Every structure is written in C-alpha cells, then in structure tokens.
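Nothing fancy with the numbering, it's 1 onward along the sequence. Not measured: the values here are computed from a predicted model. Every number for a ligand or one of its atoms is a count from 1 in the order of the listing.
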Amino acid sequence: MTLMKSWVESANRAECPFPLNNLPYGVFTTNSLEPRCGVAIGDMILDLSAAEEVGLIELAENPVFDVPYWNDVMELGPEAWEILRARLQELLVEGASEQATVAPHLVPMSEARMEMPIVVAEYTDFYAGRHHATNVGTMFRGAENALPPNWLHIPIGYNGRASSVVVSGTDVIRPNGQTKAPDADTPSFGPCKRLDIELEMGAIVGTASELGHPVSVAQADEMIFGYVLLNDWSARDIQAWEYQPLGPFQAKAFATSISPWIVTRAALEPFRTSTPARERELLPYLQEPKPMLYDIDLSVTIQPQGGAKTTICETNYKEMYYSAAQQLAHHASSGCAMTPGDLLGSGTISGPEKHQRGSLLELSWGGKEPVDIGNGQTRSFIEDGDTLTLHGAAKGDGYLIGFGACTGTIKPAVKFP
Ligand code: MN
C-alpha cells in the first residue's frame, strides 16, 4: 500500500498523520458550529453533518452525523462502515468530480475543538502486555511470582469507569485516596503521591453481542469499529493498598484519557501483525484465525510546567501478548453482552528494553531510578503542572496512519471537604 493522493494538498505530505489512507473519525465544534461528526483529512476536517445535509453522503434514512457521537454510525454495522469509507475516499481523492461541492464543508483543524468521539457505554481495562505484567509483578510480588498463574491463559481485565473517560486536552485533577506506607501501622487519606500514566491502545466496540451468547475471535475482530490512544492514569500508592483481592478500584477510576480521532480497522488493515509466540497453547476459544495485532509505533512525552518536552518511552503495539479481538472474545465468553461504544483498554504497552516501558512505575522502577527529563530535572512519578502526551502512528510506504495526540495536564488535588 502506498499513499493515496487527495485534492486536499496537506494530506499528501509524507509526515501528515491524516492522509486519504487514514480518514479517522471524530467529533468537533467551532465558534460557529455545534458539536458534530467529522473526518480528518490533512490539516482539515470534513464536516460530515453539512455533507449529509447537502446530500453528498447518505448513510441512513435519518441523519447520523449531526450528533456529538459516532454511536449511531457504529450501530449501522460493518457494511455501512465500508460504504462510508468508500464514499469519503471517492469524495476526497485527487481528481474527484465533486471537489467543488465538498470543499466548502472543510473546516481548518486550527479552528476546531475536539470533543469525545463516542458516548462510552462501558469501559474495561486489560493487563495484556507481558513485559508490563512481568515488570509490575516483579516489583509488587518478586521475580518468581511476577506473572500470576492465570496470565498466560487469560487476558486479565477489570471493569473500569465510563464516567471518567475524557478526551485528550482535558485537565486531570490529582486524585485523593486512601494509602498506607509499608512501615505505617494505619492508613491515611490525601492526595496521591505516586501518580502515573499507562500507555495503552483503546479498542472501540462498534456492534453488539447478545446477552448469553459468546463470540469467536474472528467475530470479535469484525465487531471492532476502530482504535484510539488511551492513557489509563494510575494512582500507584492507592492501587498498592487497595488492589487485593479484587483489583484496582479508585486508583484507576478518576480519569482515563483517549485521543479524539478513531482510526478505523480498515485504515489499519495493512499493518496487521501476529501476536508473539505463545508460551502455553491457548484454549481454542482464544486462538486467532489470522494476525490480530497491529504494527503501530508509540511514544510518550513529558513536559513540566514552563519546561521543554522530553520523550520518555518509545514502544510498539505489537508487543502485546493478547489482541483486542482476543480480549473482546474473552469478555463475551461468559455471555456478557457487549455494546456499541464499549471501550477496551489494551493494558500497558511496554517493550523488553528499558526505554520501551509504558509507565513511570516501570521507567523509574518504583521510584528507585528517577527518569532524566532534561534541564537537570528528574521524575519518579508525575508532578502537578506536568503535561503527559501519548503519540502513535503506523508507518506505511511513504505515508502514516496517525492517531494524533492524547494529552493531559495534571492539576493539584482538590481539598477534601
Ligand atoms: Mn491499565
């Protein structure tokens, strides 16, 4: 696959994250436009609500793009998703006959504010990166007990909170919580002292599964509408005290940030790659009929208030042990109904090397090896005023499938009433 050229010139530059090959979906607003669905092309957004109104796109009997979420489009199903993508490529390709009709509905990205692209139905976070699970397990339980006995057989997860999933750019307030220092007799309550990130991908479920009915891994793959970058902000001191035996609770419930553009499964198709070799054969219901992961370069930057941006992690989505399709198949295996708008966090994506670790907990090895962030500053965990940003792009032959950024700045904890 090579670059597909568009008449929107900015989409044809090699470093552009949003060429015609990509066409990610988001929700935007401007000073004069109500929140609505749009598609990114170069440094512009095609206003799909306007395009629908003038009859350039007709996906359903009633309008589906004049609302601030993609859930209605997702519910139309994979056939409609294909029709939409084909129509958008037809409208935006170099030499398109309808260029003059489409052009007035392009909005410069610089004038737009991005909002949440979906109504998150429910949010589940997994723990499916082997390097991350091994690193964290070694720190919490020792090297010999690093991977729990179920880990090589089950994509482990927990049910998170949809109510605190926020779009990139939203400030994150440092959480308060209950903690207990290892040498203290009693717990205390106050602002988190070990605030962290988790570099993850989010898979967005586009079609429903029926209550009581499992789905195969192949069916699960077809149910996925697209992917975003996801930062599973984590309060490590709260987590360490509360997590046994039911897993994280308040340590993860205060905020989860996602990037505003949903990169579709179709756009990522050329980048499919296999999960790593299985150490233990998986049970048949979890086995993949074809490659289900994607080769996506990922990185994290930190920027202290008034300071410069420094990259602290560079890794790749293909490091995951389980794919989103396997996680979704496992999620539905009990008969749990999955819903359009369900968000599945991949789990922290760490590689085998030190600079590939996707959390500060791992990068600073629990605070023992503070990370150099330039200008004589170090970080073991996040400080107030720090801005953390995730970046991601699949790299094709002369083009990128970019995700844009997933960013958040930490604000001081709220004084407890
Ligand atoms: Mn996580």
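Cation-pi contact between R161 and F249: absent, since separation from the ring centre below 6.0 Å together with deviation from the ring axis within 45° is not met.
By the 4.0 Å N-to-carboxylate-O rule, R87 lies close enough to E90 to be salt-bridged with it. A salt bridge links R236 to E198: one of the charged nitrogens lies within less than 4.0 Å of a carboxylate oxygen.
Looking only at side-chain heavy atoms (C-beta outward), V228 and C406 stay at 4.5 Å or farther from each other. By the 4.5 Å heavy-atom criterion applied to side chains, R130 and L147 are counted as neighbours.
Taking the six-membered ring where tryptophan is involved, the planes of F126 and H331 are perpendicular, since the angle between them exceeds 60° and thus also 30°.
Near the Mn ion (ligand 1), less than 2.8 Å away, sit the protein N, O or S atoms D125 OD2, E198 OE1, E200 OE2, D232 OD2.
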